[in-house]
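Each chain gets a letter, A, B and so on, in the order its sequence line appears, and its residues count up from 1. Predicted model only: the values in this text are computed from it and were never measured.
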Amino acid sequence: MNVENGNGHNGTVNGMNSTGVIITNSATPLPEGVHLPLYMDNHATTPLDPRVLDAMMPYLTGKFGNAASRNHQFGWEAEKAVETAREQIARLIGASAKEIIFTSGATESNNLAIKGIAEMYRERGNHIITQVTEHKAVLDTCKKLEKQGYRVTYLPVMADGLIDLDDLKRAIVTEGPEKTILVSIMYANNEIGVVQPIREIGRICHEKGVLFHTDAVQAVGKIPVDVQADNIDVLSISAHKLYGPKGVGALYVRRRNPRVQITEQINGGGHERGMRSGTLNVPGIVGMGAACEICRNEMAAEALREQELRDYLRAKLENALDYTQVNGNMEHHLPGNLNMSFVYVEGESLLMGINDIAVSSGSACTSATLEPSYVLKALGLGDEIAHSSIRFGLGRFNTRAEVDYVADKIIDVVRKLRELSPLYEMVLEGIDLTKIEWAAH
Amino acid sequence: MAYSDKVLSHYEHPRNVGTLDKSSESVGTGLVGAPECGDVMRLQIRVNPETQVIEDAKFKTFGCGSAIASSSLATEWVKGKTVSEALTISNTDIVKELALPPVKIHCSVLAEDAIRAAIGDWKKKNGVAEEAGVAVAASA
């Protein structure tokens with residue numbers, strides 16, 4: 001839209017527009033240091049840190065050995081690099097290297113954790129507890145297990161996105177054939193950035209003798225995660241969410257107090273102590289290790305920087321626009337996340353107006369299903385709030401100048417779309433939208 | 001999702017945005033869709049009582065780019081047509097003109113509903129009998 005320069009639209013067409021609404025804004029000068037397209041969707045993926053690429057490069061070129069080759073130096077070299085990465089990853093989460101299993105990413109890690117535990121502990125019980133705002137990699141895995149005869153409880157969340165610990169306590173079954181074997185609750189949510197009370201959840205699970213898995217994809221490398229202090233038994237990580245490469249992830253599997261066993265889901269050469277066969281992705285693993293090392297060193301300062309930028313973005317938007325709403329608990333929150341609804345403006349139309357900026361919307365229209373974000377719906381906010389929501393994901397490479405540019409652009413487009421919005425007009429006239437008999441379609 | 005040039009054109013330069021006096025005898029208002037579905041269109045027409053020609057049309061839409069484009073196009077098309085001519089505009093014409101993908105067909109349906117609702121409202125106000133076989137959206 002920014003490149004719109006009047007091709008095909010003459011003055012007559014614009015002149016026909018009685019209110020003068022032109023959503024194009026080609027006149028906005030680009031501030032120094034801002035390059036388009038601008039990426040601010042760091043919950044979807046993160047760019048590879050150049051330092052990570054440097055670490056990987058030798059393993060994409062000369063050091064190409066198979067880490068499972070035991071009888072020559074190409075193999076030894078690769079194995080050594082993998083073990084270094086294992087240490088780096090373990091250190092970031094307070095684990096020991098032997099507790100790290102490499103996978104292809106967090107979807108596989110979540111599948112391996114949940115299916116692997118369900119299968120291994122089937123004799124002990126058949127009940128699993130998770131929550132409604134999990135990623136599909138957890139929800140769909142649980143749904144599959146339900147078809148296989150497991151019973152799954154999907155805990156609701158409160159209006160701020162947090163689970164109620166009393167709900168969890170009530171849901172855990174400690175006796176009988178329907179005994180709870182696993183609780184799987186994500187560390188931080190990918191849409192609303194809400195951080196669950198993981199330490200408390202872990203403590204409750206351990207008191208009741210139930211294993212605790214957490215999908216920590218959005219949390220690891222962004223906020224402190226410690227599997228010991230947090231009472232976590234199994235934890236999923238992905239490299240590409242923390243400035244590492246795509247296609248590699250890990251699963252932490254506790255070895256002591258208690259020792260967690262997992263039934264493998266991929267059979268083959270018995271790699272990763274039999275829990276995950278398949279030739280190791282050595283360059284990817286090296287990159288993941290390097291990425292975790294950088295996070296460990298820089299996380300504290302980076303979190304403060306991102307949080308400051310996030311709060312600045314929020315304040316700027318709230319000061320300029322009426323009828324905005326922040327979604328999710330902002331106290332227990334990822335530093336780089338802001339999920340905001342611009343009420344009476346539909347999310348996809350907003351994205352269309354800022355198409356040189358990469359952010360996400362919880363609107364139905366961005367998905368093939370026409371269903372708005374199930375995460376936002378789970379907060380009980382009403383579908384119209386979900387349709388109007390935008391997720392900003394600030395990351396390591398976003399600057400204050402970029403935040404200013406994004407805020408200005410959003411403010412501009414929201415104002416223009418509200419001139420187009422019959423709902424906004426009605427609200428300004430004092431009409432109660434809830435009193436209108438809408439024809440759902 | 002990539003948008004067609006025509007959708008982009010209507011989104012960037014929506015035609016006939018605005019509000020007509022809904023209490024006027026000569027104005028028909030159609031309000032269709034629902035906020036929770038992510039689409040609400042309001043289409044208004046001003047009809048010449050002598051000729052039954054739609055002399056002006058305005059819209060406001062809450063919805064995705066395709067919904068905005070569909071309603072913007074609808075206002076362009078109804079202008080200058082008689083009421084009965086306007087009733088022949090179908091959603092498939094809109095789909096074709098804007099090259100809407102299957103997932104956006106509901107936007108065109110809503111625009112057709114909006115035209116029919118606006119005309120229905122005008123007819124009701126002016127005591128014009130419904131033509132046989134012409135359904136008027138009840139959602140206004």
Side-chain angles (χ1 to χ4, degrees), chain A residues 1 4 6-10 13-14 16-26 343-353 355 361 363-372 382-388 416-426 429 433-434 436-441, chain B residues 1-3 5-20 29-44 56-69 71-72 75-76 79 101-107 109-110 113-114 117 137-140:
Chain A
M1 164 167 297
E4 168 61 43
N7 51 330
H9 314 304
N10 54 33
V13 169
N14 291 342
M16 282 163 66
N17 182 341
S18 57
T19 56
V21 178
I22 299 172
I23 299 169
T24 306
N25 193 359
S26 56
V343 190
Y344 314 124
V345 169
E346 193 275 330
E348 185 193 328
S349 65
L350 179 50
L351 291 189
M352 232 175 133
N355 67 357
S361 169
S363 165
C365 285
T366 55
S367 71
T369 59
L370 296 181
E371 276 296 311
D383 283 8
E384 62 274 27
I385 300 294
H387 282 296
S388 302
K416 284 167 175 166
L417 287 170
R418 280 183 174 166
E419 282 184 54
L420 234 71
S421 170
L423 303 178
Y424 188 64
E425 184 188 294
M426 290 157 89
E429 281 173 3
L433 296 181
T434 62
I436 293 178
E437 277 185 46
W438 299 103
H441 56 285
Chain B
M1 191 186 303
Y3 301 97
D5 289 345
K6 282 183 177 158
V7 169
L8 282 172
S9 158
H10 279 280
Y11 172 78
E12 288 170 356
H13 302 280
R15 334 285 202 249
N16 307 310
V17 175
T19 308
L20 299 174
T29 300
L31 182 66
V32 297
E36 66 266 27
C37 302
D39 289 303
V40 174
M41 287 181 191
R42 190 192 62 201
L43 191 143
Q44 294 183 297
D56 200 5
K58 295 278 179 216
F59 87 97
K60 282 199 178 190
T61 288
F62 162 83
C64 66
S66 302
I68 290 170
S71 40
S72 171
T75 58
E76 272 194 322
K79 264 198 193 178
V103 71
K104 297 294 185 186
I105 286 174
H106 70 279
C107 298
V109 173
L110 208 56
D113 287 350
S139 47

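Side-chain contact check for B:Tyr3 versus A:Asn355: every heavy-atom pair is 4.5 Å or farther apart. With contacts defined as side-chain heavy-atom distances shorter than 4.5 Å, the pair B:Pro35/A:Leu423 qualifies. A:Leu420 is listed as a side-chain neighbour of B:Ile68, based on a closest heavy-atom distance under 4.5 Å.
A:Glu346 places a side-chain N or O within 3.5 Å of a backbone atom of B:Cys64 that can act as its donor or acceptor partner.
Taking a cutoff of 4.0 Å between a charged side-chain nitrogen and a carboxylate oxygen, A:Glu348 and B:Lys104 qualify as a salt bridge.
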* To do: Evaluate the side-chain contact (heavy atoms from CB on, under 4.5 Å) criterion for residues B:Leu31 and A:Met426: first the C-alpha distance (whole Å), next the side-chain angles of each, then the deciding distance (0.1 Å), finally the verdict.
  => CA-CA 12 Å; B:Leu31 182 66; A:Met426 290 157 89; 3.9 Å; yes

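The two residues A:Pro422 and B:Val40 have their closest heavy-atom pair at CG-O, 3.7 Å. A:Ser349 and B:Gly65 get closest at one heavy-atom pair: CB-N, 4.1 Å. Summarising the geometry of B:Phe62 relative to A:Tyr344, their closest heavy-atom pair is CD1-O, 3.2 Å, with the distance given to 0.1 Å. Scanning all heavy atoms of the two residues, the minimum distance from B:Leu8 to A:Met352 falls at CD2-CE, 3.8 Å.
Judged as a side-chain hydrogen bond (donor to acceptor under 3.5 Å, both in side chains), and not counting sequence neighbours, the contacts of B:Arg42 are A:Glu425, B:Thr19. Contacts of B:Asp56 classified as salt bridge (Lys or Arg N to Asp or Glu O under 4.0 Å), with partners at least two apart in sequence or in another chain: B:Arg46, B:Lys79.
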